[in-house]
Amino acid sequence: MFSKIMTAISGSALVFGLAMGSAIIAPTASMAQVAPSQCSTITSVNVRGGPIVIAAQPGQVIQVVADPTNFGGATVGVSINGAGTVATAVPTTINVVTAGTIVIEQQANGALVTCSTPSAGSDFIDTQTTAVQTATSRNTQARLNGNGPRNSATRNSVFLSTSNLPGADSQLGQAEFNGWVSVEGRQLSGATTGITLDLVFGVDRLISNRLIVGALIAYGRQDLTTGSTSTQVNSPSVGAYFASRLQGDWLADGYLSVARPAYDVGGTTFTASRVSGAFGLTGHYDAYGMDMSPFAKVNGYREAQPAYGTVAANDITRFNASVGTRVSPLEELDGGILPYISIAVDFGVTDSTAGGRDSYWAPRLGAGFSTELGAGYLSVDMDAGRIRSNVTDIGLRATYEFTF
């Protein structure tokens, strides 16, 4: 009788297609006399006042709770699209999958009926995936290039490594074990505004002059605003990474991690699960008196967000790719300044239950310079690009590097 009705009721003995001990009776005359009401108009309506008829749409949720003035348990009759009424114990929840007319009437004691349409939710923006790729790639590339990563500090980025410590060298000419920490800040504008902070710790081992393997722990913090909704995210993550020297001056690196981001969306909290990964290729050669460093990078993640409040569950899949090159002179210019420019093309696509598909192609341009300053090295650079079709990432960064 109910095989064509794709609606589920939880908290009762009823599963559509099976009666499972519930009584099924013919629709009453009073049911047919009531005009259907839209979901938005049904809020804590008591069945004592007569049958409640709802013009239900897919995705809507009907909740039935007992009247607090009851002296005993409550039972309601539920009918779908004019079919027989099923006696259902209260409380119960009806998740509507297929459009239809749902009738709820009193059988034993009173019950309050509320119909709601869950929000679609938000896709949110993850910066941790890219931050981890940047940190692991910077560390492993410098290590395999044979000079170890230099320690650096900046308003937007901090990178520290133990490989410069005295006595750290192994028989391979590099530190066999290396520990490092990276901090990255980012500012977003457009449809989503706010700031993000990503902290990444790593420990790795130089297996040979061509291979590094390591483990990482990361923590991300986001304070973002989309429309009138404010979102805070705290995201702990663990993973593993590697890097390998290929033929010539090409290096490959990548990582895989899992995270448990904890969200606070407008005061409602929930925890999601995320799996992230990345892979990159970086080259290095001299041409026309310039130092050329071409690169190709990809990263992505998959995140499962549970339903929360009136928001439906959301699954997000994200993929990013960037191809470009960085160009700088082989020698410093007058005044000890070494300028550079970088040109890249970024591509990103997001598929989610909540927002469907969002994709973009966008250039990312960067320029800057570096020079010795005091006991260290000062670098100033600026870059502009896009991380969503409607979110822009513009950064101005000053870095001061020092060795210890």
Side-chain angles (χ1 to χ4, degrees), residues 126-152 154 156-164 174-175 178-186 198-207 209-218 220 237-246 248-257 276-285 291-301 318-326 328 340 342 344-348 364 366 368 379 381 383 385 387 393 395 397 399 401:
D126 165 59
T127 57
Q128 188 176 66
T129 299
T130 300
V132 172
Q133 182 180 33
T134 300
T136 56
S137 180
R138 174 161 46 180
N139 174 71
T140 55
Q141 286 183 32
R143 290 255 282 159
L144 287 179
N145 280 333
N147 53 7
R150 285 182 298 184
N151 305 297
S152 61
T154 176
N156 287 343
S157 177
V158 177
F159 187 83
L160 301 173
S161 171
T162 62
S163 67
N164 294 110
Q174 289 276 345
N178 180 49
W180 51 270
V181 58
S182 175
V183 180
E184 179 178 308
R186 193 173 296 273
D198 289 288
L199 177 65
V200 189
F201 297 92
V203 176
D204 53 60
R205 182 182 181 186
L206 190 66
I207 303 299
N209 286 328
R210 305 183 69 88
L211 178 64
I212 289 174
V213 294
L216 65 91
I217 299 175
S237 176
V238 296
Y241 62 95
F242 85 98
S244 177
R245 178 178 295 280
L246 306 178
D249 290 323
W250 286 90
L251 301 177
D253 62 82
Y255 82 90
L256 183 66
S257 69
S276 302
F279 180 79
L281 292 172
T282 304
H284 181 81
Y285 65 94
D291 178 28
M292 314 290 288
S293 298
F295 60 84
K297 301 178 181 180
V298 295
N299 66 55
Y301 68 89
R318 172 74 173 170
F319 172 81
N320 303 288
S322 181
V323 178
T325 189
R326 174 171 167 156
S328 63
Y340 85 89
S342 65
V345 176
D346 292 347
F347 170 73
R364 181 168 293 274
S379 298
D381 53 72
D383 70 272
I387 57 176
D393 176 20
R397 181 175 295 107
T399 305
E401 302 180 357

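Predicted, not measured: the structure shown is a model, and the values here were computed from it. When a residue number appears, it is its place in the shown sequence, counting from 1. Atom set for the values below is all heavy atoms of this structure, side chains included, hydrogens, waters and symmetry mates excluded.
- Within the 4.5 Å cutoff, the side chain of D126 has no heavy atoms near those of the R318 side chain.
- When each of I212, T140, L144 is checked for a side-chain contact (heavy atoms from CB on, under 4.5 Å) with D253, only T140 meets the rule.
- Residues Y255 and S137 are not in side-chain contact: their nearest non-hydrogen atoms beyond the backbone lie 4.5 Å or more apart.
- Taking the side chain to side chain donor-acceptor pair (under 3.5 Å) definition, one finds that S322 meets it with D346, sequence neighbours left out.
- How far OH of Y301 is from OG of S276: 8.0 Å, rounded to the nearest 0.5 Å.
- The heavy-atom pair separating V200 from A135 by the smallest distance is CB-CB, 4.2 Å.
- Qualifying side chain to side chain contact (heavy atoms under 4.5 Å, CB included) partners for L246, counting only residues two or more places apart in sequence or in other chains: S244, W250, A252, L281.
- Residues satisfying the salt bridge (Lys or Arg N to Asp or Glu O under 4.0 Å) test with R326, not counting sequence neighbours, are none.
- When the side chain to side chain contact (heavy atoms under 4.5 Å, CB included) test is applied to V238, the partners found at least two apart in sequence or on another chain are I217, V258.
- Side-chain contact between I387 and R364 is present, with at least one heavy-atom pair separated by less than 4.5 Å.
- Taken from CE in M292 to CG in D249, the straight-line distance is 14.0 Å, to the nearest 0.5 Å.
- Between R186 and D198, none of the side-chain N atoms (NZ, or NE/NH1/NH2) sits under 4.0 Å from a carboxylate O, so this pair counts as no salt bridge.
- Contact check for D204 versus W180: side-chain heavy atoms found under the 4.5 Å cut-off.
- For the atom pair CD of E184 and OG1 of T130, the computed distance is 8.0 Å after rounding to the nearest 0.5 Å.
- Here the closest non-hydrogen pair linking G202 and Y241 is C-OH, 4.0 Å.
- Residues meeting the side chain to side chain contact (heavy atoms under 4.5 Å, CB included) test with S237, sequence neighbours left out: Q128, A218, S257, A259.
- Listed by chain and number, the residues in a ring-ring contact (aromatic ring centres under 6.0 Å, His included) with F319 amount to none (sequence neighbours excluded).
- In summary, the side chains of T129 and N299 do not present any donor paired with an acceptor at a separation below 3.5 Å, with no hydrogens or angles considered.
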